[in-house]
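The structure appears right after this line, and notes come after that.
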Amino acid sequence: MAIFMTACLSGGNPQSSFTASDLEKTTWPDVVQKARGTSVSFAMWAGDENRNRFFKSEVVNDLQEKFGVTLNIVPLADTAEIVNKLLNEKQAGRTTGGSVDIVWINGENFRTAKQGGLLWGDFARRLPSISLYEPSAGETDFGTPVEGLEAPWQRSQFVFAYDTARIKEPPRSVEEFGKWIRANPGKFTYPAPPDFTGSAFLRHVLFHFGGGVQNFEKFDERHYAEASAKTFAFLNDIKPFLWRSGATYPNSPSELNRLFANGEVEIAMAYGATFASEAIKRSEFPDTVRTFLLDQGTIRNYNFLTIPFNSSNAPGALLTINYLMSHEFQMQQAKMLGSIYPHDLSKLTDDERAAAEALPRGEATLRADELAAHAIPEADSGYLERLEKDWRTQVLLK
């Protein structure tokens, strides 16, 4: 992906001094006016090449044409990179003129940023586009109260994929996965945590051995110890039967997809219900590929956009986030990337609802009602942090 980088706006720019308190006293048209003709730096995960191209072209062009806003993409391999940078800037006293204006964030990174005082303020409820989302969308993020510090953006659900030409019936429970992996040595693997897809796979195993996701709403050390011990025992038990005997793991979902497409492994996975349909459309997967869920359900959540405490251009960030949350953008994203449309259909006009309902469903994408019936919430981010850390010592290095 081409990297759009420009110098940060100087700390003397009037937009740099616009605060969350100012937002309370400012009308939305005034925010839009303040944002026109400015530059906005957006730190986003860059692990999806198709998304990168979409943002580089359509999104950059749309923001310039509609609002005169220049969007500069700051690509991240891991969102923790920018959170650590913000921590360093705060410790150095850099309260204005920060390096980025928007961060695509959720989970443990949001929790760290909130605890560290790295976020701009309560802004989400002032965005016009927030009215399109169901109220619960912006309440918590991996168990952490949002309190308006980030705005819901996209909705995702974890799914697995298999090729119906090669597998008659895929495993649909953790126990069945264990049996299937032993019966098909070398044909399964998962991305190495802290990759978010690999980490999500681990959480599904943890939920199984911990009695269900309802037992993971708040972090409990004793419960984690019991459930993780069984989880790591399972992962170590299947390790010799994994791709390359578990000596190495894919670094990303993209790498896993390549192994799947090449027939080296028989099951792929992703934090996006439409990923297989999009891969078929790009001729990366054969048209016999389909997706499936666990009987116990798979994780469904929102990811968010936030503004750092020292943003150089808060008005520009607010306008850009509001646009990325809008019906117009979400329709475009759904058509271009196959993303799940995230809005509450009851909040739309008749024309908007009809357009959203008419969005094509890819041949490998499960029906919305089936996805919803198998949707389970995220756990407290404390489980995520510990599971990723302990997997390295308890599985990878064993």
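Quick note: numbers below take in every heavy atom, side chains included, and nothing from hydrogens, waters or symmetry partners.
- Between H223 and F216, the ring planes are tilted. Angles from 30° to 60° get that label.
- Using a 4.5 Å heavy-atom threshold, the side chains of L348 and Y341 count as touching.
- Residues meeting the ring pair (Phe, Tyr, Trp, His ring centres under 6.0 Å) test with Y162, sequence neighbours left out: F292.
- Within 6.0 Å of atom CZ in R282, more than 12 heavy atoms from other residues, nucleotides or ligands are found, so the atom counts as buried in its surroundings.
- Side chain to side chain, Q332 and D62 meet the donor-acceptor criterion of an N or O pair below 3.5 Å.
- Counting heavy atoms of neighbouring residues, nucleotides and ligands inside a 6.0 Å radius, atom CD of E217 does not exceed 12 of them.
- Residues D48 and S254 fail the side-chain proximity criterion, which asks for heavy atoms closer than 4.5 Å.
- In this structure, W28 and R126 have side chains that are not in contact, with every pair of non-hydrogen atoms separated by 4.5 Å or more.
- If you run ring pair (Phe, Tyr, Trp, His ring centres under 6.0 Å) between F188 and each of F241, F177, W243, F260, only F177 comes through.
- Heavy-atom contacts from other residues, nucleotides or ligands closer than 6.0 Å to NZ of K239 number more than 12.
- Using modelled atom types and a 3.5 Å distance limit, the side chains of N109 and T112 yield no donor-acceptor pair.
- With hydrogens and angles disregarded, no donor-acceptor distance shorter than 3.5 Å links the side chain of T140 to the backbone of G143.
- The backbone N or O of A35 sits less than 3.5 Å from a side-chain atom of T38, completing a donor-acceptor pair.
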### Query
Should I102 and T320 be marked as a side chain to side chain contact (heavy atoms under 4.5 Å, CB included) after you check the CA-CA gap, both sets of side-chain angles, and the distance that decides it?
CA-CA 9 Å; I102 302 172; T320 301; 3.7 Å; yes

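- Remark: K34 is not positioned above the aromatic ring of F18, lacking an NZ or CZ atom under 6.0 angstrom from the ring centre and at most 45 degrees off the axis.
- Annotation: side chain of F304 is not in contact with side chain of Q154 (no heavy-atom distance under 4.5 Å).
- Under a hydrophobic clustering in which Ile, Leu, Val, Met, Phe, Trp and Tyr are joined whenever their side-chain heavy atoms come within less than 4.5 Å, directly or via other members, I181 and L206 fall into the same cluster.
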#### Entry: Verdict with supporting geometry, S346 and D344, side chain to side chain donor-acceptor pair (under 3.5 Å)
CA-CA 5 Å; S346 69; D344 181 345; 2.7 Å; yes

### Task
Test side chain to side chain contact (heavy atoms under 4.5 Å, CB included) on E226 and K230 and set out the steps.
CA-CA 7 Å; E226 294 175 355; K230 296 176 183 178; 5.6 Å; no

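- No donor-acceptor pair under 3.5 Å is formed between the side chain of K179 and the backbone N or O of P171.
- Aromatic rings of F158 and F160 (six-membered ring for Trp) have centroids within the 6.0 Å cut-off, being under it.
- Between K187 and E264 there is no salt bridge, since no side-chain nitrogen of the basic residue lies less than 4.0 Å from a carboxylate oxygen of the acidic one.
- No option in N310, N72, I82 other than I82 meets the side chain to side chain contact (heavy atoms under 4.5 Å, CB included) test with V100.
- Checked by atom type and distance alone, the side chain of T274 never pairs as donor or acceptor with a backbone atom of S277 at under 3.5 Å.
- Of the possible polar contacts, none joining the R300 side chain to the G297 backbone as a donor-acceptor pair under 3.5 Å is found.
- The number of heavy-atom neighbours closer than 6.0 Å to CD of E49, taken from other residues, nucleotides and ligands shown, is 12 or below.
- You'll find the side chain of K335 reaches within 4.5 Å of the side chain of L359, heavy atoms only.
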### Query
Passes salt bridge (Lys or Arg N to Asp or Glu O under 4.0 Å), E352 versus K347? Steps please.
CA-CA 9 Å; E352 289 171 340; K347 305 289 186 67; over 6 Å; no

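- The structure places CZ of F232 at 5.0 Å from CG of L387, a figure rounded to the nearest 0.5 Å.
- Side-chain atoms of E147 never come within 3.5 Å of backbone atoms of T144 as a donor-acceptor pair (strictly under, hydrogens ignored).
- The shortest side-chain heavy-atom distance between V159 and M269 does not fall under the 4.5 Å cut-off.
- Side-chain contact check for L305 versus V103: every heavy-atom pair is 4.5 Å or farther apart.
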### Query
Should K398 and N236 be marked as a side chain to side chain contact (heavy atoms under 4.5 Å, CB included) after you check the CA-CA gap, both sets of side-chain angles, and the distance that decides it?
CA-CA 8 Å; K398 279 203 170 184; N236 283 316; 4.3 Å; yes

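- V69 is connected to F42 through a chain of hydrophobic side-chain contacts under 4.5 Å among Ile, Leu, Val, Met, Phe, Trp and Tyr, so both are in one cluster.
- Counting only distance, with no hydrogens or angles, the side chain of Q64 and the backbone of V60 share no donor-acceptor pair below 3.5 Å.
- Using a 3.5 Å distance cut-off with no hydrogens or angles, the side chains of D101 and S311 do pair a donor with an acceptor.
- Side chain to side chain, S252 and D195 fail the donor-acceptor criterion of an N or O pair below 3.5 Å.
- In this structure a side-chain-to-backbone donor-acceptor pair under 3.5 Å is missing from T70 to S39.
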### Task
Show the numbers, then the answer: is there a salt bridge (Lys or Arg N to Asp or Glu O under 4.0 Å) between K114 and E150?
CA-CA 10 Å; K114 182 181 180 183; E150 59 179 2; over 6 Å; no

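- A salt bridge links D369 with R367; the closest basic N to acidic carboxylate O contact falls under 4.0 Å.
- Aromatic pair F234/H208: ring centres not closer than 6.0 Å.
- Residues V40 and V31 fall within the same hydrophobic cluster, defined by Ile, Leu, Val, Met, Phe, Trp and Tyr side chains chained together at heavy-atom separations under 4.5 Å.
- In this structure a side-chain-to-backbone donor-acceptor pair under 3.5 Å is missing from K281 to A276.
- Residues Y271 and N301 have side chains that bring a donor and an acceptor to within less than 3.5 angstrom of each other.
- Side-chain heavy atoms closer than 4.5 Å link hydrophobic residues (I, L, V, M, F, W, Y) into clusters, and following such links, even through other members, never connects V395 to L384.
- Between D380 and R111 there is a salt bridge, since a side-chain N of the basic residue sits under 4.0 Å from a carboxylate O of the acidic one.
- Taking 4.5 Å as the limit, every side-chain heavy atom of V83 sits out of range of all side-chain heavy atoms of F110.
- V59 and L127 end up in the same hydrophobic cluster when Ile, Leu, Val, Met, Phe, Trp and Tyr side chains are linked at under 4.5 Å.
- Heavy-atom contacts from other residues, nucleotides or ligands closer than 6.0 Å to CZ of R392 number 12 or fewer.
- Relative ring orientation between Y383 and Y224 is described as tilted, the plane-to-plane angle lying within the 30° to 60° band.
- Below 30°, between 30° and 60°, or above 60°: for Y249 and Y190 the angle between ring planes is between 30° and 60°, a tilted geometry.
- Q296 and R172 share no side-chain donor-acceptor pair at under 3.5 Å.
- Counting non-hydrogen atoms of other residues, nucleotides and ligands closer than 6.0 Å to NZ of K389 gives a total of 12 or fewer.
- Put simply, the side chain of D78 never gets that close to the backbone of E81: no donor and acceptor are under 3.5 Å apart.
- With S199 as reference, E388 is the one residue of E385, E388, E108 to meet the side chain to side chain contact (heavy atoms under 4.5 Å, CB included) rule.
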### Derivation and outcome, side chain to side chain contact (heavy atoms under 4.5 Å, CB included), residues W104 and T79
CA-CA 8 Å; W104 180 9; T79 308; 5.9 Å; no

### Message
If you apply the rule salt bridge (Lys or Arg N to Asp or Glu O under 4.0 Å), what do you find for E328 with K66, and how did you get there?
### Response
CA-CA 12 Å; E328 177 185 358; K66 296 175 185 299; 2.6 Å; yes

